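Treat the numbers as computed from the prediction; the structure is a model and nothing was measured.
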Amino acid sequence: MPATGNYSFFDIQPLLPFIDDGYTVLTPNLRLARRVRQAWDQLQVTKGRQSWPTLPAQSLDSWLLGQWQQRVESGSLPPRKVLSATQVNELWLQVIDSSDSSADTLNLLRPAAAASLAQQARDTLLRWQLDPHLPSNRQYFELDNDCGTFYQWLQAFEERLANAELATPADCMTMLHGLGPVGPYQDLLLVEVDDLPPLLQGTLAHHCKNLQTLQCEATPALPKVMAFADRRAELAAMASWAAEHYRASTELTVGLVLPDMEQDRVAIEHLLRREFDCLGNNYTSLPVNFSTAISLEQAPVVRDALRLLELATSQIALDSIVALLQSRFLARLYTDSTALSRLVASLFDIGQAHIETSELRYQVTEKHSATLEPLAKLLMALTTRRELRAKLMPSQWLAPLQDVLALAAWPGPQGLDSLEYQQVEQWHALLEDFADFDAVCGPMALPQALVLLRRLSADRISQPQTADSNIQVLGTLEAAGQQFDYLWVCGMQASSWPAAARPNPLIPLNLQRSYDMPHSSAEREWRFADRLVSSFRRTSGQLFASYATQLDGVPELPSALLSAFDVEDSPPSAAVIDAQWTALHGQRDLVRVEDSRAPALEDSELATLEGGSGLL
């Protein structure tokens, strides 16, 4: 079972003089703010106190939004509805879709990606205080087709915000700029806050009497770097190393940093589960916490709910039907597995990737109704509900959607485990957020409502509530500022540390570089990566870095940022392939069939036969 002690991932001692003087602690992210509060609470417990005041520690953005809210409540700023990131993205999609339909030459292949870039571009312009509407700046936008198109989107986007009295979080901070606090000036302590945008620098200067910065330091040993043949071997060694430290002492804190969390998370989780024997009956006993988890859309109980709702539309993907009929969360839809197999075979015989729901209803009610009666009743009931064919506001869709799930008795008669129960609770919270989209959306048909609902579930992370563990798997930004006895950062090859410059294509490059905006130049990426490595060195008792000498068949070199690290021999590589799989592979029986000749071609075919690489 995982250890459940109170682990210290932050040293509160350097903050105590500031806390005693009444400073408010601000951190770059919510995770570090939570760690600071946990360290404060642990200190009070060790002093034997039964109660104590809550430490005023927040993320910087949360604190600023709180200051904006106080200004609104005092009447010195106009009230605005603050949009979530997903709502902002939805508004951008509407603007881009409207522009795309009215333009003769514009034809976007990926509107969602364009909306994300536009959202990032406007947020960056606000935080770096670059006004694109000034003639001196606007001319640069008009000289580039992409930037000029974005400028048109920007005008339409801001017009929609103003007409509906909406605001993004960056808008709130912009309105706050130049204003002082509602009450007395505060003393602020920035902990591990680096590279502040000009907007936040100016706003903080107007809201505090004393502004201090603090970077916590450990006393690290000489950092070490190791090389591995490939990424899989690197991750396997990391998992084995973490398990070794855990078995040596459950009190030591261990951090595993994955620069590419999206790419490597599944692999490292499997390797850790193998090391801790948590692939079978002990699946829920893995003594590791992950800073990120799967999206709610990927959770089986929610994924099947979304598939079920598609039955109320005009067509559904064949693979979704097959998965839906096999779902344990919808087991009441059928009682005869043989009849279910015949139904699936009939659907495949149609030979289409998407099946009309009318055809599915026919197959179930006319051919297999006797043995699939619950499913037939559900499909027939869906046809009688007129509201499913209407155009409704998001909030008006809640009752019909919940009715469809209730008709199918989702999430099924069987009990839910702790994780599934949490995911169902998150689903209900997601529906409440969906209803809040009345602020940015008009009436929509069911297919459009399901697209929005799926997008919301894809954006929401399903993070289970589990006991804290001394082993943490984090991304690079999440690990910065947290303190570990041992920290391992993988993937530190020269091709990615520092990362290549990635300027936003919707802002003129010369403006990005003159304002030193994020990702605008190789020099800025170097400074950013160097600060991260320095932070890891300061906050870990022992820092290990690793890289793969080859990725996808391409040779790799260590990052130049590792030049001061001590080179260490790599630990013996753990078996990358499971021993059980290897044993089964060795027991295989091979049957060789000689088949060296193809059927002969007719003379008529020889006359039209073409060859060359184009054929392949």
Could you go through F290 and I268, starting from their C-alpha distance and side-chain angles, then the distance that decides it, and tell me whether this counts as side-chain contact (heavy atoms from CB on, under 4.5 Å)? CA-CA 10 Å; F290 291 84; I268 192 64; 4.2 Å; yes
Would L256 and Y486 satisfy side-chain contact (heavy atoms from CB on, under 4.5 Å), going step by step from the backbone distance to the final call? CA-CA 9 Å; L256 309 178; Y486 295 93; over 6 Å; no
List the atom of [X], the atom of [Y], and the distance in Å for their closest heavy-atom pair.
| X | Y | result |
| --- | --- | --- |
| T476 | L532 | O-CD2, 4.0 Å |
| L416 | Y421 | CB-N, 4.0 Å |
| R127 | P197 | O-CB, 3.4 Å |
| G475 | M261 | N-CE, 3.5 Å |
| L551 | R231 | CD2-CB, 3.9 Å |
| A118 | F150 | O-CE1, 3.7 Å |

Assess, by modelled atom type and distance only, whether the side chains of [X] and [Y] contain a donor and an acceptor separated by less than 3.5 Å.
| X | Y | value |
| --- | --- | --- |
| R303 | Q423 | no |
| N89 | Q119 | yes |
| S540 | Q483 | no |

Counting only N and O atoms by type, is there a donor-acceptor contact under 3.5 Å from the side chain of [X] to the main-chain atoms of [Y]?
| X | Y | value |
| --- | --- | --- |
| S520 | P503 | no |
| T149 | N145 | yes |
| E525 | S521 | no |

Do F9 and F484 pass the ring pair (Phe, Tyr, Trp, His ring centres under 6.0 Å) test, and can you show the C-alpha distance, the side-chain angles, and the key distance before you say yes or no? CA-CA 6 Å; F9 295 98; F484 296 91; 5.4 Å; yes
Establish, yes or no, whether the cationic atom of R247 lies under 6.0 Å from the six-membered ring centre of F276 and within 45° of the ring axis.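 Yes, a cation-pi geometry.
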The single option from L252, I471, V288, V254 passing side-chain contact (heavy atoms from CB on, under 4.5 Å) against Y246: I471
Does R527 come within less than 4.0 Å of D530, counting only side-chain N to carboxylate O? no
Ion pair check, E192 and R538, cut-off under 4.0 Å: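 Looking at E192 and R538, the cut-off is met.
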Walk me through whether T549 and E556 qualify under side-chain hydrogen bond (donor to acceptor under 3.5 Å, both in side chains). CA-CA 5 Å; T549 58; E556 292 282 352; over 6 Å; no
Go through it in stages, so that I can follow the logic: the residues are S469 and N289, the test is side-chain hydrogen bond (donor to acceptor under 3.5 Å, both in side chains), and I'd like the CA-CA distance, side-chain angles, deciding distance and then a yes or no. CA-CA 6 Å; S469 171; N289 274 94; 4.5 Å; no
side-chain contact (heavy atoms from CB on, under 4.5 Å) evaluation trace for F10 with T539: CA-CA 9 Å; F10 188 86; T539 57; over 6 Å; no
